[in-house]
Amino acid sequence: MHKIKLRHIQQAKGLSQLLQKASMSSQPRVYVTRPDVDDSGLELLRKSCNVTTWSQTLPVPRDELLRQVKGKDALYCALTDKIDAAVLDAAGTQLKCVATISVGFEHIDVEECKKRGIRVGYTPEVLTDATAELTVALLLATNRRLFEASKQVYNGGWKSWAPMWMCGQGLKNSRVGLYGFGRIGQEIAARIVPFKPAQITYTTRTAKPAEAAKVNARRVDFDEMLCLSDFIVVCCSLTPDTKEVFNASAFEKMKPNCIFINTARGGVVDQNALYDALHSKRILAAGLDVTTPEPLPLDDPLLKLDNIVILPHIGSADIETRKEMSRITARNILAALNGCQMEAEVM
C-alpha cells in the first residue's frame, strides 16, 4: 500500500513538472542581456514570460548574444549591445520586440527592425531630471576645478591658502550655450538660472520659443554659440548631422576661457580635436560623462590632462531612475507582446 501511495505521489510530481515545463514553453521567451538591471522590471516579466539572462555584470559577448537570442520573442538590451541584422537573423522571425534600458537607441538598427515588423522600445523621459542634475554637477566640478583641487589634498600639493590658487571660472554673469534644447536641455537651463548667468542661448534645428521663454533663453546659430559662450553644454541626440559636430573647426571658434561639457554621446565630439584644444589651452577645460569608446583605454591621452573631468557615463545613475528604467523596459516588452501601445516606442 505504501508503495502504491509513493508511486502516486511520484506520478503527481512528474505530472506537475511536465505541466510546469509545458506552461513555461508556451510563455513568450525574453532574453535579458544584463543580470544587474533592477529586479523590479524582471519580476514584471517573470509573471507571464520565460526569462533568461546573461550571467555576468559585463556586456554580453557577441557570440553569446547571437546564441542566446535564438528563438526569443523579445530582447531586453542595453546601450552596450549592438542590435543589428545579424542579431535579428539569429533571433528568428518570431522576434516581436527589442527594448533598451536607455534613452539612446543608436546601438539598435531601427530601420532594420521596422522592415521586419519588430517594435523598438526605449526609456526617454524618466532620466531627464537625473541627467540634468549630473550635467550641472559636472559643470560645477569642472569650472571650479573640484577634482583637480581634491588631488592636491592627497598628494601634498596643498601647502597653504593662496589668493589665486585653484581659482575657477564662475557661472555668474557668464554666457551659457546649450547645443540641443529638448527635455534634458530645458531642465539643464532651469537648473543653471539660479546661478545668475548673463545669457542662456540654445542651438536647435527648430525654434522653441515657449520653452525658451521659461528660462529667458535666446536661440542662436551654431557659429554664434561657439564664438560667444563661456560654457558650452552638449545635450543633443547622436545623429548623422551631429556626429563629430564638435571638431577642430568648432574648437577653433571657441573663446579661450570656454568650458566644454558633454553628457550626450561621445560620438558628437572629435576627441582628437578636443585633446588638441585642451592640451594647447585653446579652450580652458572640459567635462565629459560620455566618450568614444566606453570605457576609455587607460592610455588615452585625454586621461593625461589636468584640465578635464571624465566620468564613466553615469548621467542617469540615480537609484530610483534606474529602477523605473528597468520597469519601463519591461512594460514596453509586455505591451509589444500583447499588441498594445508601448509606454515609449521608437517610431
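Atom set for the values below is all heavy atoms of this structure, side chains included, hydrogens, waters and symmetry mates excluded.
- Checked by atom type and distance alone, the side chain of Asp38 never pairs as donor or acceptor with a backbone atom of Glu324 at under 3.5 Å.
- Tested against Arg175 for a side chain to side chain contact (heavy atoms under 4.5 Å, CB included), the candidates Asp230, Thr201, Ile200 yield a single pass: Asp230.
- In this structure, the side chain of Arg219 does not engage the main chain of Pro209 through any donor-acceptor pair within 3.5 Å.
- Taking both residues in full, the closest heavy atoms of Ser48 and Leu334 are given as OG-CD2, 3.6 Å, listed atom of the first, atom of the second, then distance.
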Identify every side-chain donor-acceptor pair in residues 161-173 under 3.5 Å, counting partners at least two apart or on other chains, and give the distances.
unit_1	atom_1	unit_2	atom_2	d
Gln169	OE1	Asn257	ND2	3.0
Gln169	NE2	Asn257	O	3.1

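- The structure places CD of Glu125 at 8.5 Å from CD1 of Ile328, a figure rounded to the nearest 0.5 Å.
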- [ ] Run the numbers on Val234 and Phe260 for side-chain contact (heavy atoms from CB on, under 4.5 Å), then give the verdict.
- [x] CA-CA 8 Å; Val234 185; Phe260 178 78; 3.5 Å; yes
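- Counting only N and O atoms by type, the side chains of Ser237 and Arg265 include no donor and acceptor under 3.5 Å apart.
- Checked options Thr263, Val233, Leu178, Thr131; the residue passing with Ile184 is Thr131 (criterion: side chain to side chain contact (heavy atoms under 4.5 Å, CB included)).
- Salt bridge annotation for Glu111-Lys115: absent, with no cationic side-chain nitrogen under 4.0 angstrom from a carboxylate oxygen.
- Residues Cys77 and Ile108 share a closest heavy-atom pair of SG-CD1, 4.2 Å.
- Judged by distance alone, with hydrogens and angles left aside, the side-chain atoms of Thr142 form a donor-acceptor pair with the main-chain N or O of Leu138 at under 3.5 Å.
- In this structure, CD1 on Ile232 lies 8.0 Å from CD1 on Ile283, to the nearest 0.5 angstrom.
- In terms of heavy atoms, Cys236 sits closest to Ala264 at O-CB, 3.2 Å.
- We find that Lys243 and Glu106 are not joined by a salt bridge, their nearest charged nitrogen and carboxylate oxygen being 4.0 Å or further apart.
- A heavy-atom distance below 4.5 Å is found between the side chains of Cys49 and Leu337.
- Between the side chain of Asn155 and the backbone N or O of Gly157, at least one donor-acceptor pair lies under 3.5 Å.
- The backbone N or O of Gly315 lies less than 3.5 Å from a partner atom in the side chain of Asp289, making a donor-acceptor pair.
- Closest approach of Gly121 and Met342 over heavy atoms only: CA-SD, 3.8 Å.
- Residue Ile314 holds its CD1 atom at 8.5 Å from CZ of Arg322, rounded to the nearest 0.5 Å.
- Two residues are said to be in side-chain contact when any heavy atoms from C-beta on lie closer than 4.5 Å; Arg46 and Val30 fail this criterion.
- Using a 4.5 Å cut-off on side-chain heavy atoms (C-beta onward), Pro301 and His279 make no contact.
- Between Ser316 and Leu127 the shortest heavy-atom distance is CB-CB, 3.7 Å.
- Hydrophobic clustering, with ILVMFWY side chains joined whenever heavy atoms are under 4.5 angstrom apart, groups Val103 together with Val37.
- Expressed to the nearest 0.5 Å, how far NZ of Lys72 lies from CG of Leu95 amounts to 10.5 Å.
- For the pair Leu75/Thr33, a side-chain contact is recorded, criterion being any heavy-atom separation below 4.5 Å from C-beta on.
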Open item on the list: With side-chain contact (heavy atoms from CB on, under 4.5 Å) as the criterion, how do Tyr275 and Ile308 come out once you've worked through the C-alpha distance, each side chain's angles and the decisive distance to 0.1 Å?
Closed with: CA-CA 10 Å; Tyr275 171 82; Ile308 190 169; over 6 Å; no
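- Closest approach of Ile333 to Ala74, counting heavy atoms only: CG2-CB, 3.6 Å.
- The backbone N or O of Ser40 sits nowhere less than 3.5 Å from a side-chain atom of Glu43 that would complete a donor-acceptor pair.
- We find the CG-CG distance between Asp109 and Leu88 to be 7.0 Å, quoted to the nearest 0.5 Å.
- Val87 and Val60 end up in the same hydrophobic cluster when Ile, Leu, Val, Met, Phe, Trp and Tyr side chains are linked at under 4.5 Å.
- Taken together through direct or relayed side-chain contacts under 4.5 Å among Ile, Leu, Val, Met, Phe, Trp and Tyr, Phe246 and Ile259 form parts of separate hydrophobic clusters.
- Atom NZ of Lys151 has 12 or fewer neighbouring heavy atoms from other residues, nucleotides or ligands inside a 6.0 Å radius.
- Under a 3.5 Å cut-off, the side chain of Asp73 and the backbone N or O of Arg29 do form a donor-acceptor pair.
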TODO: Verify side-chain contact (heavy atoms from CB on, under 4.5 Å) between Asn332 and Glu345, making sure each step is shown before the conclusion.
DONE: CA-CA 8 Å; Asn332 278 338; Glu345 184 169 0; over 6 Å; no
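- Under the 4.5 Å side-chain contact rule for hydrophobic residues, Leu134 and Phe195 share a cluster.
- With rounding to the nearest 0.5 angstrom, the CG atom of Asp36 is 4.0 Å from the CZ atom of Arg34.
- Salt bridge annotation for Glu187-Arg183: absent, with no cationic side-chain nitrogen under 4.0 angstrom from a carboxylate oxygen.
- Trp54 places none of its side-chain heavy atoms less than 4.5 Å from the side chain of Pro59.
- Cluster membership for Phe222 and Val268, using ILVMFWY side-chain heavy atoms within less than 4.5 angstrom, is shared.
- Shown here is Lys208, whose NZ atom has more than 12 heavy atoms of other residues, nucleotides or ligands within 6.0 Å.
- Sparse packing is recorded around CZ of Arg205, with 12 or fewer heavy atoms of other residues, nucleotides or ligands lying under 6.0 Å away.
- Side-chain contact between Val98 and Val110 is absent, with no heavy atoms from C-beta onward closer than 4.5 Å.
- Checking side-chain atoms of Thr53 against main-chain N and O of Ser55 turns up no donor-acceptor pair under 3.5 Å.
- A distance-only check finds a donor-acceptor pair linking the side chain of Gln271 to the backbone of Thr292 [under 3.5 Å].
- In this structure, Leu226 and Asp223 have side chains that are in contact, with non-hydrogen atoms separated by less than 4.5 Å.
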TODO: Using the side-chain contact (heavy atoms from CB on, under 4.5 Å) rule, take Glu294 and Thr80 through it: C-alpha gap first, then chi angles, then the decisive distance, then the call.
DONE: CA-CA 9 Å; Glu294 292 181 356; Thr80 50; over 6 Å; no
Open item on the list: For Asp84 and Arg62: C-alpha separation, side-chain torsions, deciding distance, then whether salt bridge (Lys or Arg N to Asp or Glu O under 4.0 Å) applies.
Closed with: CA-CA 11 Å; Asp84 55 11; Arg62 179 75 172 177; 2.8 Å; yes
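- No donor-acceptor distance shorter than 3.5 angstrom exists from the side chain of Asn50 to the backbone of Gln27, with no hydrogens or angles considered.
- Put simply, the side chain of Leu42 reaches to within 4.5 Å of the side chain of Tyr76, judged on heavy atoms.
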